[in-house]
Structure formats: C-alpha cells, structure tokens
Amino acid sequence: QVQLVESGGGLVQAGGSLRLSCTASGRTFSNYAVGWFRQTPGKEREFVAVISWSGDTTYYADAVKGRFTVSRDNAKNTVYLQMNSLKPEDTAVYYCAAGAPVIIYTTYEKDVVYDYWGQGTQVTVSS
C-alpha cells in the first residue's frame, strides 16, 4: 500500500504561483510513476501531468504546458507540481496518484490505471 497526501493548495490571484506537494508513505515510492489530476464540480477528473519513477520523463496536458512543472525527490518521497501563471480556469481540486512504471509509456492520461490516490487539495484562482 502507498498512502499519498497532497498539500500546498490555496487561494491565489490570476498570474500567481503555487507549488503542490504529494508526499508518500508505505511502499517504496520510487517504484511508481506519479500523476496529477484535477476535478471541478460536475466534471470528470482531468489529467494534468505525470512523471516517471526516475523523474526523467514528464508529460503535460496542453492546457498547462509551459506553465506547470512536475518534479520529484525520491529521497523525500515527494512529488511536486509547480504552477505558474495561474488562470481562473485552473481552479479545481488537485489530486496526485501513483501507478505502475509502465503507464508512463501509454496510458498515463487515464485515471483508472493509477492504483493509489491522495485526498486532494483545493486550488482557487481569483480573477
């Protein structure tokens, strides 16, 4: 089992920045690819970014490319999502999720391939 806890959410003005953290406990975190998703009321969970187990491969949704950066520190069992130039449409609950290393090659955008999820952290961007 892997337990994931997100932190770093909050209220920020448009154009501002936030850094989310996803800290893991339990099984060896470095064995997993980690994705970030977000969800707003009434909508399906949306892929945001993913990072491979080693940190050398990352992918982003088009909506956040160039503004968000995902990174990880396996020694600290933590994955980060640096969010810059935030827009009101980035407002959502953000979740991190861990999955098997192979998902980085094909299915990382699908939430069903992830095995473990955090509880989410709210990000609100005011205009």
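Heavy-atom basis, side chains included; hydrogens, waters and symmetry copies ignored.
- Residues N84 and S17 come closest through the heavy atom pair OD1-OG, 2.9 Å.
- When all heavy atoms of A100 and Y32 are compared, the closest pair comes out as N-CD2, 4.4 Å.
- For the residue pair A49 and L81, the shortest heavy atom distance occurs at CB-CD1, 4.2 Å.
- Heavy atoms of other residues, nucleotides or ligands lying less than 6.0 angstrom from CH2 of W53 number 12 at most.
- When atom types are taken as modelled, the side chain of T78 and the backbone of K76 share a donor-acceptor pair closer than 3.5 angstrom.
- Listed for the E6 side chain is a donor-acceptor partner under 3.5 Å among the backbone atoms of G120.
- Contact check for V50 versus I104: side-chain heavy atoms found under the 4.5 Å cut-off.
- Here the side chain of T124 pairs no donor or acceptor atom with the backbone of L11 at under 3.5 angstrom.
- Using a 4.5 Å heavy-atom threshold, the side chains of V5 and Q119 count as touching.
- Atoms CZ and CD, from F47 and E109 in turn, are 5.5 Å apart once rounded to the nearest 0.5 Å.
- The same ILVMFWY cluster, assembled from side-chain heavy atoms under 4.5 Å apart, contains both Y116 and V48.
- Taking both residues in full, the closest heavy atoms of A24 and V2 are given as CB-CG1, 4.1 Å, listed atom of the first, atom of the second, then distance.
- Residues Y114 and F37 bring their aromatic ring centres within 6.0 Å.
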**OP:** Apply side-chain contact (heavy atoms from CB on, under 4.5 Å) to the pair V123 and L18, showing each step before the final yes or no.
**Re:** CA-CA 9 Å; V123 171; L18 283 174; 3.9 Å; yes

Original post:
Step by step, would you call Q82 with F68 a side-chain contact (heavy atoms from CB on, under 4.5 Å)?
Top reply: CA-CA 5 Å; Q82 178 67 44; F68 290 12; over 6 Å; no

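- No more than 12 heavy-atom neighbours from other residues, nucleotides or ligands sit within 6.0 angstrom of NZ on K43.
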**OP:** Any chance you could lay out the salt bridge (charged side-chain N to carboxylate O under 4.0 Å, His left out) test for D90 and K87, step after step, and finish with the verdict?
**Re:** CA-CA 5 Å; D90 294 318; K87 305 175 181 180; over 6 Å; no

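- Here the side chains of T57 and I51 are not in contact, with every heavy-atom distance at 4.5 Å or above.
- Between the side chains of Y94 and R38, a donor-acceptor pair is found at a separation under 3.5 Å.
- Not one N or O on the side chain of T107 forms a donor-acceptor pair closer than 3.5 Å with the backbone of K110.
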**OP:** For I103 and Y105, run side-chain contact (heavy atoms from CB on, under 4.5 Å): C-alpha distance rounded to whole Å, both residues' side-chain angles, the deciding distance at 0.1 Å, then the answer.
**Re:** CA-CA 5 Å; I103 67 174; Y105 299 113; over 6 Å; no

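- The cationic group of R72 lies under 6.0 Å from the six-membered ring centre of F29 and within 45° of the ring axis, placing it in a cation-pi geometry.
- Side-chain contact between D73 and Y80 is present, with heavy atoms from C-beta onward closer than 4.5 Å.
- The aromatic rings of Y108 and Y59 sit parallel, their planes meeting at an angle under 30°, below the 60° perpendicular limit.
- Side-chain contact check for W36 versus V79: some heavy-atom pair is nearer than 4.5 Å.
- The side-chain heavy atoms of T91 and T40, taken from C-beta on, include no pair separated by under 4.5 Å.
- Rounding to the nearest 0.5 Å places CD of Q39 at 10.0 Å from CD of E46.
- Connection of Y60 to V34 is established within a shared hydrophobic cluster, with ILVMFWY side chains joined at heavy-atom distances below 4.5 Å, either directly or through further cluster members.
- The closest side-chain heavy-atom distance from L4 to Y95 is not below 4.5 Å.
- Between the CG atom of N77 and the OG atom of S25 there is a distance of 8.0 Å, given to the nearest 0.5 Å.
- When every heavy atom of P88 is checked against every heavy atom of S127, the shortest pair comes out as CG-CB, 3.8 Å.
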